Amino acid sequence: MSVTLMAKTAYADPNQPTRTPRDTEYEAFARVTRRLKQASNPDAHDFPGLVSAVHDNRQLWNVLAADVALPENPLPGELRARLSYLAAFTRLHSQKILESKASVDILIEINTSIMRGLRCEGKPT
């Protein structure tokens, strides 16, 4: 097999489904939420893991907040405002978690709700 052909086929798995931006967002939330759950397990005693998961969650929300702030963002204004509010809440609550003054549970709940929205669960058909 030639090098050119190998390069063309290396990343082209025909069995892989095409991912939409919504799928990518869902996967990002799923990964960070899974890490938050694992690190918040009382049996884990993994404060560095919790710090890392909270940091990554905050980064995800920062990216989301920046995206919804763009004038060309196609989401409805009210939804953009709500997402901006949740991003601000996430920043503040994350600080409380890192100071051991709050639980990570609400962040997990928020992320799970966002994931449900991305999957259109509960949406009337």
Side-chain angles (χ1 to χ4, degrees):
M1 182 180 281
S2 74
V3 174
T4 305
L5 183 56
M6 287 173 55
K8 286 181 180 179
T9 60
Y11 297 102
D13 181 359
N15 297 323
Q16 287 285 78
T18 303
R19 293 178 78 64
T20 66
R22 188 172 221 145
D23 291 334
T24 303
E25 289 173 356
Y26 180 93
E27 183 58 33
F29 273 100
R31 283 183 188 169
V32 76
T33 303
R34 187 171 33 254
R35 290 186 51 225
L36 287 170
K37 287 178 182 178
Q38 290 170 347
S40 69
N41 180 347
D43 297 331
H45 302 293
D46 182 17
F47 190 71
L50 179 63
V51 170
S52 177
V54 168
H55 171 75
D56 289 348
N57 187 62
R58 213 170 15 184
Q59 290 293 100
L60 176 61
W61 277 98
N62 287 340
V63 169
L64 183 66
D67 185 55
V68 299
L70 295 173
E72 63 269 14
N73 186 295
L75 293 175
E78 186 177 325
L79 178 57
R80 292 169 56 188
R82 288 180 183 181
L83 290 170
S84 292
Y85 169 79
L86 288 173
F89 175 85
T90 298
R91 275 191 302 276
L92 293 172
H93 195 77
S94 295
Q95 187 60 41
K96 291 177 184 176
I97 292 167
L98 297 177
E99 294 169 354
S100 299
K101 295 179 180 177
S103 164
V104 73
D105 294 344
I106 189 68
L107 297 183
I108 293 169
E109 187 177 323
I110 290 169
N111 286 3
T112 302
S113 293
I114 294 295
M115 291 163 53
R116 276 195 299 269
L118 288 168
R119 287 289 188 232
C120 298
E121 293 176 17
K123 186 177 180 181
T125 54

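No experiment lies behind these values; they were computed from the predicted model shown.
- Atoms CG and CZ, from Leu92 and Arg58 in turn, are 10.0 Å apart once rounded to the nearest 0.5 Å.
- Note: Asp23 CG to Thr20 OG1 = 3.0 Å, rounded to the nearest 0.5 Å.
- Under the ring-ring contact (aromatic ring centres under 6.0 Å, His included) criterion, the residue pairs touching residues 87-106 are Phe89-His93, with sequence neighbours excluded.
- Sorted by first and then second residue, the pairs that involve residues 85-104 and meet salt bridge (charged side-chain N to carboxylate O under 4.0 Å, His left out), not counting sequence neighbours, are Glu99-Lys101.
- Ala65 is linked by a side chain to side chain contact (heavy atoms under 4.5 Å, CB included) to Ala87, counting only residues two or more places apart in sequence or in another chain.
- Residues that satisfy the side chain to side chain contact (heavy atoms under 4.5 Å, CB included) test with Ser52, not counting sequence neighbours, are Arg35, Asp56.
- Under the 4.5 Å side-chain heavy-atom criterion for grouping Ile, Leu, Val, Met, Phe, Trp and Tyr, Val63 is not connected to Ile110 through any hydrophobic cluster.
- Annotation: salt bridge (charged side-chain N to carboxylate O under 4.0 Å, His left out) contacts of Asp105 (sequence neighbours excluded): none.
- Looking at heavy atoms from C-beta onward, Ile114 lies out of side-chain contact with Leu64 at the 4.5 angstrom threshold.
- In this view, Phe47 and Leu50, Val51, Ser100 satisfy the side chain to side chain contact (heavy atoms under 4.5 Å, CB included) rule, not counting sequence neighbours.
- In this structure, Leu83 and Arg80 have side chains that are not in contact, with every pair of non-hydrogen atoms separated by 4.5 Å or more.
- Thr24 is linked by a side chain to side chain donor-acceptor pair (under 3.5 Å) to nothing, counting only residues two or more places apart in sequence or in another chain.
- Residues forming a side chain to side chain donor-acceptor pair (under 3.5 Å) with Thr33 (at least two apart in sequence, or on another chain): Asn111.
- With sequence neighbours excluded, no residue forms a side chain to side chain donor-acceptor pair (under 3.5 Å) with Arg22.
- Expressed to the nearest 0.5 Å, how far CD1 of Ile108 lies from OG of Ser113 amounts to 12.0 Å.
- Residues satisfying the side chain to side chain donor-acceptor pair (under 3.5 Å) criterion with Glu27, sequence neighbours excluded, are Arg31.
- Residues that satisfy the side chain to side chain contact (heavy atoms under 4.5 Å, CB included) test with Leu70, not counting sequence neighbours, are Asp67, Glu72.
- Asn57 has its side chain out of reach of Val104: every pair of non-hydrogen atoms, C-beta onward, lies at least 4.5 Å apart.
- Nearest approach of Val68 to Ser84, heavy atoms of both residues: CG2-OG, 3.4 Å.
- Each ring-ring contact (aromatic ring centres under 6.0 Å, His included) pair with one or both residues in residues 48-87, not counting sequence neighbours, appears once here: Phe29-Trp61.
- Leu107 has its side chain within reach of Ile97: a pair of non-hydrogen atoms, C-beta onward, lies under 4.5 Å apart.
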